[in-house]
There are 2 protein chains.
Amino acid sequence: MCVSPRRSVADTLETRQRILDRSLAIASAEGLEGLTIGRLADELGMSKAGLLGHFGTKEGLQLAVVDEAAAVFAREVPQRVKQLPSGLPRLKAVCEAWVSYLEREVLPGGCFFTAATTEFDGRSGRVREALAGMNALWRRDLRIHARRAISDGDLPADTDVEQLIYEIIGIMLALNHFLQLEHDSSAPVRARKALDRLFSAR
Amino acid sequence: MCVSPRRSVADTLETRQRILDRSLAIASAEGLEGLTIGRLADELGMSKAGLLGHFGTKEGLQLAVVDEAAAVFAREVPQRVKQLPSGLPRLKAVCEAWVSYLEREVLPGGCFFTAATTEFDGRSGRVREALAGMNALWRRDLRIHARRAISDGDLPADTDVEQLIYEIIGIMLALNHFLQLEHDSSAPVRARKALDRLFSAR
DNA sequence: CCTACCGATCGGTAGG
DNA sequence: CCTACCGATCGGTAGG
């Protein structure tokens with residue numbers, strides 16, 4: 001009985017979490033398509049069938065990994081600054097937490113969303129839509145803080161909010177690029193300098 | 001004799017070019033790893049063996065595609081502004097040609113180098129090194145024009161050239177991101193606005 | 001959660 | 001440039 005394959009709900013959830021943790025590490029470095037069932041099962045010491053039981057199909061696994069990546073990002077970035085009131089201080093703190101997140105290389109392949117979005121932006125299907133949705137939600141967060149900063153008088157009344165968001169995202173994409181491709185340790189300094197210029201000299 | 005598989009050198013080069021054109025289109029949308037020999041041979045109406053004869057291995061094909069992408073980029077961006085003298089006018093024109101290149105969606109999946117670099121930055125091997133080399137060569141081009149702009153007095157003497165390059169690359173990565181993921185047709189306007197701010201308000 | 005298996009496709013080679 | 005083939009791996013299923 002004790003060594004039977006039947007497990008408790010808690011055990012099942014723990015196994016599921018183990019799969020997702022490993023999947024996220026692999027996918028950030030090798031892509032969501034490079035994440036194969038056989039290799040993943042091998043690394044986790046379980047069978048492909050046992051693994052697929054948790055997610056149904058590879059697409060189900062990919063969608064679960066996207067959710068897991070969002071949870072990690074939320075824990076590492078917005079949650080760390082949620083005590084600050086919305087507005088310019090919060091927006092600046094979000095950006096600093098974002099730079100720090102990329103700088104600390106929490107995932108081995110850098111930003112999962114950058115890698116996965118670039119990989120899937122030319123395709124169609126549920127994974128692409130899930131990624132687009134996460135990106136949209138995150139821009140919405142930034143937009144709320146930027147608008148509040150304007151109504152607080154901390155950013156000029158004529159600030160182009162979508163332009164601001166565009167430039168923030170560019171700074172973060174460049175940070176990920178220089179860290180991952182060039183292993184350029186001065187990239188975080190450059191990101192911070194660009195953000196300073198963005199928030200002050202407008 | 002006439003319908004024999006023996007072809008002239010010119011025919012061989014033409015076939016090679018056909019393979020590379022198709023490969024570049026596929027790789028920009030689906031990635032350099034998603035470019036499979038079987039599918040490519042199928043789309044071109046030839047055998048896998050005939051195709052591999054031109055490049056030896058898949059890695060050989062991938063390296064040839066990187067070179068082809070560099071040739072297309074060179075033709076579409078730096079070559080279009082080579083008549084301008086090095087310095088700020090040339091740097092600005094290069095950036096405008098770059099924006100225009102992405103805006104016109106010359107390749108179906110957007111910027112090949114953005115896609116391929118993001119795909120390979122977490123790996124090792126000759127393809128990764130080739131991509132890193134192309135990126136470095138391009139930054140060198142930008143650096144030369146930026147330094148000339150400074151010595152011409154068109155940019156402040158204390159301009160941080162590497163910072164400038166970092167920010168230009170961020171603007172282009174964001175442009176590719178918003179075009180490919182969001183199909184946001186206002187992204188080129190944002191890119192141009194960000195570049196204006198970068199070159200004037202320093 | 002497992003073993004055992006499926007058809008399809010992968011990169012690549014032998015031989016012509 | 002082709003046909004015919006190789007072993008390995010892909011995602012996934014049947015049955016327990």
Side-chain angles (χ1 to χ4, degrees), chain A residues 1-23 26-27 30-66 119-120 123-128, chain B residues 1-23 26-27 30-66 119-120 123-128:
Chain A
M1 278 296 241
C2 294
V3 287
S4 100
R6 281 275 168 273
R7 301 295 188 82
S8 70
V9 173
D11 282 347
T12 299
L13 285 177
E14 196 185 305
T15 300
R16 189 188 145 92
Q17 193 58 49
R18 267 186 66 233
I19 298 170
L20 288 177
D21 288 346
R22 192 95 208 88
S23 296
I26 294 174
E30 324 244 6
L32 265 175
E33 212 60 63
L35 175 69
T36 68
I37 313 290
R39 174 190 167 180
L40 184 56
D42 222 55
E43 290 192 20
L44 291 167
M46 61 191 295
S47 68
K48 293 195 295 173
L51 196 154
L52 270 181
H54 289 270
F55 308 99
T57 62
K58 175 161 184 176
E59 189 183 53
L61 170 65
Q62 291 173 325
L63 290 167
V65 172
V66 172
E119 185 180 6
F120 276 78
R123 310 185 189 191
S124 58
R126 297 177 65 191
V127 176
R128 194 217 129 97
Chain B
M1 277 297 238
C2 296
V3 287
S4 98
R6 282 275 168 271
R7 301 294 187 83
S8 71
V9 173
D11 282 346
T12 299
L13 285 177
E14 195 185 305
T15 300
R16 188 188 146 93
Q17 192 59 48
R18 268 186 66 233
I19 298 170
L20 287 177
D21 287 346
R22 192 94 207 89
S23 295
I26 295 174
E30 325 244 5
L32 266 176
E33 212 60 62
L35 175 70
T36 67
I37 312 291
R39 175 190 167 181
L40 183 56
D42 221 54
E43 289 191 20
L44 291 167
M46 61 190 296
S47 67
K48 293 196 295 173
L51 197 154
L52 271 180
H54 289 270
F55 309 99
T57 63
K58 175 161 183 176
E59 190 183 53
L61 170 65
Q62 289 174 326
L63 290 167
V65 172
V66 172
E119 186 180 4
F120 277 77
R123 309 185 190 191
S124 58
R126 297 176 64 192
V127 177
R128 193 216 129 96

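A, B, ... follow the sequence lines: proteins, then strands. Residue 1 opens every chain. From a predicted model like this one, the values you see are computed outputs, not experimental measurements.
Taking atom CZ on Arg39(B) and atom C1' on dG12(C), their separation rounds to 20 Å, with Å as the unit. Going from atom CD of Glu30(A) over to atom C1' of dT9(D) covers 15 Å, rounded to whole Å. One can place CG of Asp11(A) at 8 Å from P of dC1(C), the figure rounded to the nearest angstrom. If you measure from atom CG of Asp42(A) to atom C1' of dG11(D), you get 15 Å, rounded to the nearest angstrom. Rounded to whole Å, the distance from CD1 on Ile19(A) to P on dC1(C) is 6 Å. Between the CD atom of Glu14(A) and the P atom of dC1(C) there is a distance of 10 Å, given to the nearest Å. Separating the CG atom of Leu52(B) from the P atom of dC1(D) is a distance of 12 Å, rounded to the nearest angstrom. Spacing between atom CG of Leu63(A) and atom C1' of dG11(D) amounts to 16 Å, rounded to whole angstrom units.
The shortest distance between the side-chain N/O atoms of Thr15(B) and the OP1/OP2 oxygens of dC1(D) is below 4.0 Å.
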- Item | Derivation and outcome, side-chain contact (heavy atoms from CB on, under 4.5 Å), residues Thr15(A) and Leu44(A) | CA-CA 10 Å; Thr15(A) 300; Leu44(A) 291 167; over 6 Å; no
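Side-chain proximity of Met46(B) to dC2(D), dC10(C), dG12(C): nearest is dC2(D). Distance from the side chain of Ala49(B) is smallest to dT13(C) among dG12(D), dT13(C), dC1(C).
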- Note on the structure: Taking Watson-Crick and G-U wobble contacts under 3.5 angstrom, with | marking pairs to another strand and [ ] crossing pairs, the secondary structure of DNA chain D is written ||||||||||||||||
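Nearest heavy-atom pair, Arg16(B) versus Phe55(B), reported as atom, atom and distance to 0.1 Å: NH1-CE2, 3.5 Å. The two atoms that bring Gln62(A) and Val127(A) nearest to each other are OE1-CG2, 3.6 Å, heavy atoms only. In this structure, Ser23(A) and Leu61(A) approach most closely via the heavy-atom pair OG-CD1, 3.8 Å.
In this structure Glu43(B) satisfies the side chain to side chain donor-acceptor pair (under 3.5 Å) test together with Arg22(B), Arg39(B), sequence neighbours excluded. The salt bridge (Lys or Arg N to Asp or Glu O under 4.0 Å) check on Arg123(A) picks up Glu33(A), with sequence neighbours excluded.
Atom-to-atom distance recorded for Leu51(A):CG and Ile19(A):CD1 is 4.0 Å, nearest 0.5 angstrom.
Ser47(B) comes within 4.0 angstrom of a base, heavy atoms only. Contact annotation for Gly38(A): backbone-only contact, meaning every heavy-atom pair under 4.0 Å involves sugar-phosphate atoms and none involves a base.
With hydrogens and angles ignored, no donor-acceptor pair closer than 3.5 Å exists between the side chain of Lys58(B) and the base of dG12(C).
If you find the closest nucleotide of DNA chain C to His54(A) and to Lys48(A), the one lying nearer the 5' end belongs to His54(A).
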